[in-house]
Amino acid sequence: MNRSVYIITPTAQSGKLLISLGLMQMLQRTTTKVAYFKPLIDTQETRDNHIDTILTHFKINMDYDDAYAFTRAELSEMENQGKINEVYETIINKYKKLEEKFDFVLVEGSDFQEEGSVFEADFNASVAQSLAMPVLLVTKDSFNSVNNLVHNVVAEVHSFLAKDLNLIGLFVSRCTKDVEEVKQKIDKHLLRNEIVVSVIPNEEELTKPSMQEIADHLKAHVLFGRDKLENVAKTSIIGGMQLGNYLPRMQNDCVCVIPGDRGDLIVGSMLANISPQYPNVAGIVLSGGFLPERSIVDLMDGTQKPLPVLAVPTGTFETANKVANIKPRIYPANQYKIKLCIDLFEAVVDAEALSQKINSVQTESITPRMFQYNMLVAAKKMQRHIVLPEGGDDRILTAASYLAKDKIVYLTLLGNAETIKAKVTQLGLFWDEERIKIIDPESSEKYEPYYHTLYELRKEKGLELAAAADLMLDVSYFGTMMVFKGEADGMVSGAVNTTAHTIKPALQFVKTKPGFNTVSSIFFMLLHDRVLVYGDCAIVPNPTAEQLAEIAMSSADSAKAFGIEVPKVAMLSYSSGSSGSGAEVEKVRAATKIVKAARPDLLVEGPIQYDAAVDPKVGKSKMPDSLVAGQANVLIFPDLNTGNNTYKAVQRETGALAVGPMLQGLNKPINDLSRGATIEDIYNTVVITAIQAGSN
């Protein structure tokens with residue numbers, strides 16, 4: 001069952017808090033523990049009003065600091081420093097901690113500072129996508145006709161759908177037009193999208209300030225009526241004329257701005273409030289720094305229907321202008337407005353349909369940022385020991401520094417200690433000697449027992465003791481022996497050495513897992529909205545049908561181990577289903593049959609073309625009865641030529657991050673790097689290796 005929803009808006013002053021209040025009320029009726037989270041708030045100087053209102057009114061047992069991730073200033077600074085990925089990591093981390101403690105998390109996107117901020121819309125969309133959450137869109141009525149409103153609302157919906165968001169609900173707030181007409185026309189346009197549409201009429205009282213807001217904004221001294229500060233001031237009137245001319249101009253629930261020395265207008269306003277012949281008065285603001293005479297003060301104090309009376313030092317017209325410019329809000333103490341919001345939500349929103357829509361969302365795919373977050377959390381929890389044989393390479397040293405600083409793994413670097421430490425100083429790297437050890441194979445006390453072990457393992461293959469001693473000076477052999485003996489949990493190499501150099505020792509004495517005959521590889525392809533597994537793109541040049549089947553089964557298991565809950569395996573070829581023929585197609589067809597027979601628990605389809613495997617429309621067209629077509633997340637290439645070129649083409653053309661290759665089928669994790677590997681590649685490969693070691 002889905003456990004979260006993200007509220008997003010493309011406009012300022014959209015009435016988003018009303019939606020949050022209504023949703024929280026709806027959710028708490030069926031869910032025991034509901035958390036509230038805002039990835040971005042305005043500032044730390046004042047507490048965020050939305051967070052305060054939600055946490056206070058619904059008595060949510062969580063700290064204020066846990067309810068947000070960044071302020072605008074912090075986000076801007078991180079973006080300027082090129083640390084936007086760290087922003088997403090922090091947001092995901094804070095969200096996941098709430099998810100662990102609560103049954104449901106209501107996430108509210110940021111409040112716009114200015115109309116139509118492109119960054120704001122993209123940022124919120126990206127966060128929602130990274131968290132793999134269904135989205136509720138809130139927009140407002142600011143148009144002069146029903147058709148213009150509907151046209152713009154539908155355009156906003158399609159713009160967010162184009163961002164690959166799972167948009168399940170739409171709220172049009174502050175609607176000044178016929179609600180049913182607007183809803184029917186929007187429903188007609190969005191019928192095929194299956195979006196729950198709610199149109200909320202404009203409520204004048206929510207757009208006007210309370211006397212408490214007026215007091216706060218004016219920094220006024222409250223003389224009387226503290227218990228009536230929730231009164232909403234719908235209009236204002238300036239007391240600058242004779243009482244006889246002043247009284248007829250009063251309107252219902254008005255705030256009277258009166259010079260403090262105009263006792264006649266003050267008394268007249270109070271009498272009008274208790275008289276059935278005149279409108280109710282929301283409150284009085286005494287301007288000019290004057291207070292009325294003592295007799296009038298006593299009269300105000302003794303009335304049976306006390307009004308909020310405020311005193312300010314500013315002049316009458318300046319005070320009236322300030323009152324007119326107040327942007328009203330909902331705050332924790334204003335129970336009247338909070339109740340008004342919830343009642344309005346419940347009156348017009350089909351709560352049952354919305355609740356069913358939210359609960360029915362199923363997300364089988366995992367987003368790239370969530371994938372990376374899960375990897376880091378898993379690796380940090382496991383705290384494995386990884387050996388890096390190429391200790392003299394600057395990229396290796398930098399990645400090792402980052403891994404140690406993040407407390408992800410323990411590391412051993414192979415090489416000359418003095419040379420390595422000199423490079424570390426030259427590069428200005430953080431260095432944690434408790435987490436990073438350096439071993440020189442030639443001078444190590446382990447050198448002799450290691451080469452004797454190698455000799456015993458390989459003597460039947462004709463290996464001489466002297467040759468074993470020479471081989472053990474090779475960092476690939478030394479590092480692999482550390483893993484073989486359990487003195488390291490895994491190894492990552494290949495930034496300097498070739499793939500053959502890296503994996504040859506592993507094939508000689510670490511060997512394959514029981515039941516496996518093929519060592520293969522996968523890449524985790526982190527696209528903008530999902531994670532795909534590609535295999536094999538690095539090891540087996542031209543696999544047989546049996547090898548292809550083994551690669552498929554290994555890749556599916558690897559995908560599941562790394563958070564892809566339901567692997568859907570596509571056995572790729574140049575034709576789909578039974579439409580094509582030829583030796584290569586038959587090989588894929590035979591491999592698919594082997595997988596289905598050996599692993600009936602797996603969802604597998606083949607032969608199938610790439611577009612039919614990943615594009616829902618093409619998949620439905622070419623293979624309408626397939627459970628994999630259009631939804632594949634594990635893609636098995638028929639040969640190394642196809643796989644290697646495809647992963648590189650996708651990586652370069654789409655900007656996808658290719659994490660790997662990760663070798664599979666070995667008894668213990670040994671992973672190979674490309675010689676063009678970046679620091680990020682090395683970091684990620686070490687993390688993957690640590691998780692493999694923990695899984696083993």
Side-chain angles (χ1 to χ4, degrees), residues 4-9 12-28 31 33-75 90-91 94-95 97-99 101-102 104-113 120 124 127 136 138 171 173 203 205-220 222 226-233 308 326-345:
S4 60
V5 71
Y6 197 109
I7 303 171
I8 198 167
T9 180
Q13 301 293 313
S14 65
K16 185 158 47 69
L17 181 54
L18 183 153
I19 307 304
S20 291
L21 287 165
L23 281 169
M24 185 61 75
Q25 180 84 355
M26 182 188 86
L27 290 165
Q28 283 198 340
T31 310
K33 295 191 296 181
V34 184
Y36 175 80
F37 181 58
K38 285 187 75 174
L40 185 66
I41 62 172
D42 287 338
T43 178
Q44 283 182 332
E45 294 175 4
T46 57
R47 288 169 70 91
D48 183 86
N49 184 59
H50 288 208
I51 294 176
D52 256 359
T53 301
I54 295 286
L55 298 192
T56 303
H57 180 76
F58 293 102
K59 299 179 175 60
I60 299 174
N61 186 23
M62 60 182 289
D63 293 334
Y64 174 86
D65 288 344
D66 293 334
Y68 75 94
F70 290 97
T71 64
R72 290 181 186 279
E74 290 169 341
L75 176 62
T90 301
I91 290 171
K94 297 202 80 165
Y95 165 75
K97 285 181 179 177
L98 291 176
E99 192 180 53
K101 296 178 183 177
F102 292 84
F104 195 97
V105 184
L106 176 61
V107 182
E108 184 184 314
S110 58
D111 305 307
F112 276 54
Q113 284 193 321
E120 197 108 7
N124 283 298
V127 172
L136 300 173
V138 181
F171 295 92
S173 69
E203 174 54 64
E205 288 187 273
L206 294 176
T207 66
K208 304 297 181 181
S210 67
M211 290 303 299
Q212 179 68 65
E213 289 176 278
I214 293 173
D216 292 343
H217 188 74
L218 300 179
K219 296 181 174 57
V222 181
R226 286 187 178 275
D227 60 334
K228 298 289 185 179
L229 288 175
E230 285 190 21
N231 287 359
V232 176
I326 293 174
K327 291 183 178 179
R329 61 191 179 93
I330 299 164
Y331 51 90
N334 198 332
Q335 292 298 308
Y336 174 75
K337 278 193 177 182
I338 291 173
K339 184 177 185 303
L340 193 61
C341 286
I342 293 172
D343 289 348
L344 192 57
F345 181 95

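Bear in mind that the values here come from a model prediction, so they are computed numbers and not experimental data. Atom set for the values below is all heavy atoms of this structure, side chains included, hydrogens, waters and symmetry mates excluded.
- Under the side-chain hydrogen bond (donor to acceptor under 3.5 Å, both in side chains) criterion, Gln25 pairs with no residue at all, not counting sequence neighbours.
- For Lys339 and Glu230, the salt-bridge test fails: no basic side-chain N is under 4.0 Å from an acidic carboxylate O.
- Each of Leu206, Leu17, Asp216, Asn334 was checked for a side chain to side chain contact (heavy atoms under 4.5 Å, CB included) with Arg329, and the lone residue meeting it is Asp216.
- Listed by chain and residue number, Tyr64 satisfy the ring pair (Phe, Tyr, Trp, His ring centres under 6.0 Å) test with Tyr68 (two or more places apart in sequence, or in another chain).
- Without hydrogens or angle criteria, Lys94 side chain to Pro39 main chain gives no donor-acceptor distance under 3.5 Å.
- Each of Leu27, Ile54, Thr53 was compared with Tyr36 under the side chain to side chain contact (heavy atoms under 4.5 Å, CB included) criterion, and only Ile54 meets it.
- Lys33 meets the side chain to side chain contact (heavy atoms under 4.5 Å, CB included) test with Phe102, Asp103; sequence neighbours excluded.
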Let's go through Phe37 and Ser4 carefully: what are the C-alpha distance in whole Å and the side-chain angles of both, what is the deciding distance for side chain to side chain contact (heavy atoms under 4.5 Å, CB included) to 0.1 Å, and is it a yes or a no? CA-CA 10 Å; Phe37 181 58; Ser4 60; over 6 Å; no

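- Under the salt bridge (charged side-chain N to carboxylate O under 4.0 Å, His left out) criterion, no residue pair touches residues 17-27, with sequence neighbours excluded.
- Residues that satisfy the side-chain hydrogen bond (donor to acceptor under 3.5 Å, both in side chains) test with Asp66, not counting sequence neighbours, are absent from this structure.
- Residue Leu98 is tested with Leu106, Val107, Val105 for a side chain to side chain contact (heavy atoms under 4.5 Å, CB included); the sole match is Val105.
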Take Leu23 and Leu136, measure what side chain to side chain contact (heavy atoms under 4.5 Å, CB included) needs, and give me the verdict at the end. CA-CA 11 Å; Leu23 281 169; Leu136 300 173; 3.4 Å; yes

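- For the side-chain hydrogen bond (donor to acceptor under 3.5 Å, both in side chains) test, residues two or more places apart in sequence or in another chain that qualify with Glu205 are Tyr336.
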